[in-house]
*Asks:* 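Below is the structure I would like to discuss, written out as structure tokens.
The figures here come from the full heavy-atom set of this structure, side chains too, leaving out hydrogens, waters and symmetry mates. Just so we're on the same page: letters track the sequence lines, and every chain starts at 1.
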2 protein chains.
Amino acid sequence: MTPHTNDTRNPTQVHAILQGPASSVHATESVEDYLERIHELIESKGYARPIEIAAALNIKQSSVTKMMQRLHDRGYANYEKHRGLTLTAAGVKVALSIRKRHQYVSEFLRMLGIDEKCLQLDTEGIEHHLSPPTMKRLAAFVDYLREHPEVMEDFRNQP
Amino acid sequence: MTPHTNDTRNPTQVHAILQGPASSVHATESVEDYLERIHELIESKGYARPIEIAAALNIKQSSVTKMMQRLHDRGYANYEKHRGLTLTAAGVKVALSIRKRHQYVSEFLRMLGIDEKCLQLDTEGIEHHLSPPTMKRLAAFVDYLREHPEVMEDFRNQP
DNA sequence: ATATAATTTTAGCCGCGGCTAAATTATTGT
DNA sequence: ACAATAATTTAGCCGCGGCTAAAATTATAT
Ligand SMILES: [Mn+2]
Ligand SMILES: [Mn+2]
Ligand SMILES: [Mn+2]
Ligand SMILES: [Mn+2]
């Protein structure tokens with residue numbers, strides 16, 4: 001159990017100086033990545049085991065176990081030792097959100113003509129930094145470009 | 001993918017490598033943010049004091065002092081207690097690089113029509129995740145859009 | 001049923017990058 | 001010159017999220 005969550009809102013990051021309206025404590029990048037993978041695994045195989053999560057994230061199993069505890073404590077997952085892990089509604093919500101951001105960012109970078117390997121790597125980082133307004137506008141723009149292929153075509157045929 | 005420490009190098013080992021060129025160890029997001037601000041301050045006022053760096057980053061002065069030590073250790077700055085801080089060539093290089101990424105990302109988000117406050121926040125996160133190839137393509141695209149305003153105009157006048 | 005193998009969990013370590021509180025040092029006003 | 005003030009630094013704390021090594025549990029094969 002979370003020991004008295006004394007909060008103090010200090011998850012160590014200069015990068016998220018959200019001028020704290022305090023509402024929800026945002027999921028960290030790491031938590032988003034875990035939930036993204038876990039949700040994919042559950043979807044495709046029906047369960048998410050530490051060994052596979054670790055492989056998917058390219059980290060060690062023991063790190064995964066630790067995070068599973070954390071996901072449970074933070075209300076993103078239900079977890080019992082040796083008994084598997086499922087996502088809560090909150091966890092699914094984050095997973096679907098990050099998936100959508102991932103998809104739009106990667107599609108946009110693909111439109112820009114960036115090498116697939118590189119694109120995947122950058123997407124994994126960028127996806128965590130799209131606020132809802134930005135996501136909305138980017139999605140609309142990508143949709144627009146998809147339906148107007150002449151734009152990117154003209155861009156690519158530039159001098 | 002994306003372990004958040006993609007470096008394979010154990011932090012413990014990083015210390016051993018410290019002797020080597022700082023360029024071999026990628027600057028963290030935090031380091032990039034510090035260098036970005038410090039370079040701006042030096043440019044505009046001729047020097048960068050902890051109190052102002054702290055204000056610019058919205059963190060405490062003591063955190064800045066600590067990081068100043070780290071920037072020195074990692075070869076990004078020359079620092080002597082109570083005697084001020086200057087950037088090394090490596091530090092300036094990182095600062096100019098992150099500035100360029102910041103400028104292009106924020107210009108792109110501005111073109112998308114995102115609210116300025118929100119745009120600045122997202123830019124601060126996204127800027128750290130543009131690899132050189134992605135940066136190159138994004139820059140070209142933003143330049144293209146700047147010279148073809150009818151594209152964004154048409155996008156904005158969408159149904 | 002039990003030995004072996006695979007998986008999972010724990011224990012304990014690390015560096016990062018925040019924080020507060022308490023020195024220490026530098027600056028300023030009289 | 002010196003006291004008050006401001007800025008800087010230190011000391012020590014925290015949670016995060018990696019890691020290794022070892023223990024515990026579960027699954028498999030004989
Ligand atoms: Mn990611
Ligand atoms: Mn992703
Ligand atoms: Mn930034
Ligand atoms: Mn920036």
*Asks:* Regarding Glu40(A) and Arg37(A), does a basic nitrogen lie under 4.0 Å from an acidic carboxylate oxygen?
*Replies:*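 Salt bridge between Glu40(A) and Arg37(A), a charged N being under 4.0 Å from a carboxylate O: yes.
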*Asks:* Write down the distance between CE (Met67(B)) and P (dC19(C)), rounded to a whole number of angstrom.
*Replies:*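 My rounded result for the distance is 12 Å.
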*Asks:* Would you mind reading off the distance between Asp73(A) atom CG and dG17(D) atom P, rounded to a whole angstrom?
*Replies:*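 So the CG-P distance, Asp73(A) to dG17(D), works out to 12 Å.
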*Asks:* Round to a whole Å and report the spacing from NZ of Lys60(B) to C1' of dA6(D).
*Replies:* 16 Å
*Asks:* With a 4.0 Å heavy-atom cut-off, tell me which residues in residues 43-52 of chain B come close to DNA chain C, sorted by residue number.
*Replies:* none
*Asks:* Roughly how many Å is it from CD in Glu32(A) to P in dC16(D), rounded to a whole number?
*Replies:* 16 Å
*Asks:* Find the distance Gln61(A):CD to dA11(C):P and express it as a whole number of Å.
*Replies:* 18 Å
*Asks:* Does Tyr79(B) put a side-chain nitrogen or oxygen below 4.0 Å from OP1 or OP2 of dT8(D)?
*Replies:* no
*Asks:* Phosphate oxygens OP1/OP2 of dG17(D): is one of them under 4.0 Å from a side-chain N or O of Ser63(A)?
*Replies:*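 Answer is no, no contact under 4.0 Å.
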*Asks:* Flag the pair Asp73(A) and Arg70(A) as a salt bridge only when some basic side-chain nitrogen lies within less than 4.0 angstrom of an acidic carboxylate oxygen.
*Replies:* no
*Asks:* Compare the minimum distances between each of dT10(C), dG17(C), dT9(D) and the side chain of Lys66(B), then state the nucleotide with the smallest one.
*Replies:* dG17(C)
*Asks:* Leu130(A) versus Tyr104(A): any side-chain heavy-atom pair under 4.5 Å?
*Replies:*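 Result no, sub-4.5 Å side-chain heavy-atom pair not found.
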*Asks:* Give a yes or no on whether a salt bridge exists between Arg99(A) and Glu43(A), defined as a side-chain N under 4.0 angstrom from a carboxylate O.
*Replies:*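 Yes, this pair counts.
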*Asks:* State whether Thr28(A) places a side-chain N or O below 4.0 Å from either non-bridging phosphate oxygen (OP1 or OP2) of dG17(D).
*Replies:*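 Affirmative; the distance criterion is met.
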*Asks:* I need the NE2-C1' distance between His128(A) and dG17(D), as an integer number of Å.
*Replies:* 14 Å
*Asks:* Any side-chain donor-acceptor pair under 3.5 Å between Thr134(A) and Ser131(A)?
*Replies:* yes
*Asks:* For dT10(C), does OP1 or OP2 lie under 4.0 Å from any side-chain N or O of Gln69(A)?
*Replies:* yes
*Asks:* Find every protein N or O atom lying less than 3.5 Å from an N or O atom of nucleotides 21-27 of chain D, and list the pairs.
*Replies:*
none

